[in-house]
Number of protein chains: 2
Amino acid sequence: MITWGMIGNMSQVTRRRTGPSKGDLREAAILEAARALFTERPYESITIDDLAGGAGISRTSFYFYFPTKTAVLTALMARVGDELAASHVWFDAEGPAAGLLREQLAASARLWRDNAGILSCAASAMATSPELREFVGRVRTRYDERAAEKIRRDQAAGTATTAIAAHRLAEMISAIRDARYEQLAGASDDELREAVDDLTEAISRLVYGRA
Amino acid sequence: MITWGMIGNMSQVTRRRTGPSKGDLREAAILEAARALFTERPYESITIDDLAGGAGISRTSFYFYFPTKTAVLTALMARVGDELAASHVWFDAEGPAAGLLREQLAASARLWRDNAGILSCAASAMATSPELREFVGRVRTRYDERAAEKIRRDQAAGTATTAIAAHRLAEMISAIRDARYEQLAGASDDELREAVDDLTEAISRLVYGRA
DNA sequence: ACAAAAATCGACACCGCGTCGATAGTGTAG
DNA sequence: CTACACTATCGACGCGGTGTCGATTTTTGT
C-alpha cells in the first residue's frame with residue numbers, strides 16, 4: 001500500500017520498521033479472498049461486494065485499495081507472470097534441445113495448472129478490461145519475442161527451417177500451448193506429462209521440421 | 001418467426017403464401033442492426049436498447065423476438081457456421097494434398113475476415129454466455145472431429161506421423177488457425193494469402209512431418 | 001366485420017457499479 | 001500530550017442496464 005506519508009519519508013532511509021500497516025493486511029486479505037473466489041466460481045458471477053466481504057470490509061472500503069475488480073485480478077496475474085519468466089531455459093539453448101524444451105514446458109504447465117482458476121478468470125476478463133488485456137498482451141509479447149529470437153538464431157545457424165518467419169512460429173507456439181494448457185484445470189501429473197510430450201513434439205516439428 | 005398460428009396450420013400443406021409477416025421483417029431488422037453494430041463497436045458497449053433502436057422498436061419490444069443480446073449474436077454466428085461447413089475440401093482428400101488444404105484455408109480465411117466483427121464479438125461474449133460458449137464449442141468440435149478423422153486415415157495409411165494423437169493434432173490446427181485469423185480484421189488480400197501460406201506450411205509439418 | 005393471435009410499449013423492480021462526504025482511528029512532529 | 005495530518009471505514013445516493021408484467025394496439029385469417 002503506497003501512501004503520501006511514505007513519499008514524505010523517502011529520504012529517511014533507516015527508519016524503524018513498523019511491520020505491515022493495517023492497510024497492507026487488508027490489501028493482502030482482499031488478494032487472498034480474490035484468489036479463493038476466482039478459483040471456485042466463474043469470474044462474471046463474482047461481485048466487488050463478494051471480494052470486500054471475503055476480506056471482511058464493506059464494499060465501499062474496497063475502493064480504497066483497488067479501483068476495480070480487474071485491478072485485483074491484474075495484481076494476481078502479475079505474480080504468475082513473474083514466476084513464468086523464471087523458467088525459460090530453452091530460449092537460451094542452441095538448436096532443438098528437446099530436453100530443455102520439455103523442461104521449460106513442464107515448468108510452465110505446472111504453473112498453469114496450479115493457477116488455473118486465476119488464468120481462466122483472466123481469459124474471461126480480457127473481454128471487458130482493456131487494462132488487463134494490455135497487461136497480458138505485454139507479458140505474451142515479451143515471451144513471443146524471446147521465442148522468436150531463439151528461433152531466428154537457429155534459422156541463421158541452419159538448424160531451424162525458414163519457410164515460416166520466426167515471429168510467426170513464436171505466435172503459433174503460444175497458440176497451441178495456451179490452447180492445450182486451458183484444458184489443464186484439475187489435471188493429474190500424468191495428463192500434465194502427456195500435454196508436455198505433445199507440445200514438445202509439435203514445437204520441434206514446427207520449428208525444425210522433425211522431432 | 002415461429003408462432004402458435006403456424007402450428008395450427010401445419011396440416012394444411014398448400015396454402016396461399018402471404019409473404020413474410022411483420023414480425024419476420026422486424027426480426028430481420030434486428031439481425032441487420034446487430035450485424036452493423038457488432039462490426040463497428042466493442043460488444044460490451046452495445047446495449048439491448050441500441051439493438052432495438054437500430055431496428056426501430058422500443059427496448060421492451062426487443063424481448064418479443066430475442067431473449068438476450070447473446071441470442072442475437074448466436075443467430076448471426078449460426079449463419080457463419082453454416083457457410084464454414086461448406087468449404088471442407090481437404091478433409092475428404094487423401095494424404096497431404098497441400099493444394100486442397102490451401103484451398104480450404106483460403107475459403108475459411110476469407111469468411112473470417114468478412115465476418116471479423118461478429119467473430120470477435122463472439123469471442124468476447126463467450127466469457128459471459130454459456131449458451132454461446134456451447135454453440136461455438138459444438139461447431140468447433142464438429143470441425144475438429146472431421147479433421148481428426150482425416151488425419152487418422154492418413155496415419156493408418158502411413159503418410160501422417162503417429163507421435164501425436166490425431167485428435168490432439170486437430171486441436172492444435174484449430175488453435176493456430178484461430179490465433180492467426182483473429183489478426184485478420186481489416187486485412188488486405190496479400191495479408192490473407194500470407195496467413196494461408198503460413199498455415200498450410202505449419203499444418204503440413206505438424207501432421208506429416210514435412211511440407 | 002370479427003375474433004384470435006401477434007406485436008408494442010410504459011411502468012416498475014432489481015442489481016451492480018462508482019462517488020461523495022461525514023466520521024472514526026492512528027501516528028508523529030512540535 | 002496534544003494537535004494535526006494522514007489512514008481507513010462506511011452509509012447514502014445516483015446511474016445505467018436488465019428483465020417482467022399487464023394493458024393496449026395492430027395484424028391476420030376467415
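Convention: sequence-line order gives letters A, B, ...; per-chain numbering from 1.
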Using only heavy-atom distances, determine whether the side chains of [X] and [Y] contain a donor-acceptor pair under 3.5 Å.
X: B/R177; Y: B/S174; result: yes
X: B/R79; Y: B/N115; result: no
X: B/S108; Y: B/Y181; result: yes

Among [options], which is the nearest nucleotide to the side chain of [X]?
X: B/S61; options: C/dT8, C/dG10, D/dT9; answer: C/dT8
X: A/T47; options: C/dA7, C/dC17, D/dC10; answer: C/dC17
X: B/Y65; options: C/dT8, C/dC9, C/dG18; answer: C/dT8
X: A/Y63; options: C/dC17, C/dC9, D/dT18; answer: C/dC17

Rounded interatomic separation in angstrom, taking [atom1] from [X] and [atom2] from [N]:
X: B/F64; N: D/dA23; atom1: CZ; atom2: P; answer: 18 Å
X: B/D49; N: C/dG10; atom1: CG; atom2: C1'; answer: 13 Å
X: A/R26; N: C/dT26; atom1: CZ; atom2: P; answer: 11 Å
X: B/F62; N: C/dG10; atom1: CZ; atom2: C1'; answer: 18 Å
X: B/I57; N: C/dG10; atom1: CD1; atom2: P; answer: 12 Å
X: A/K69; N: C/dG18; atom1: NZ; atom2: C1'; answer: 14 Å
X: A/L51; N: C/dG16; atom1: CG; atom2: P; answer: 13 Å
X: B/I48; N: D/dT20; atom1: CD1; atom2: C1'; answer: 13 Å

Self-check item: Geometric cation-pi criterion A/K69 and A/Y43, 6.0 Å radius, 45° cone
Solution: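 Yes, A/K69 sits over the ring of A/Y43.
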Self-check item: Any A/T60 side-chain nitrogen or oxygen under 4.0 Å from OP1 or OP2 of D/dC10
Solution: no
Quiz item: Stepwise, does the salt bridge (Lys or Arg N to Asp or Glu O under 4.0 Å) test hold for B/D92 with B/K150?
Solution: CA-CA 7 Å; B/D92 300 323; B/K150 191 260 188 290; over 6 Å; no
Quiz item: Want to settle it: does B/R59 or B/G56 sit nearer the 5' end of DNA chain C, counting the closest nucleotide to each?
Solution: B/G56
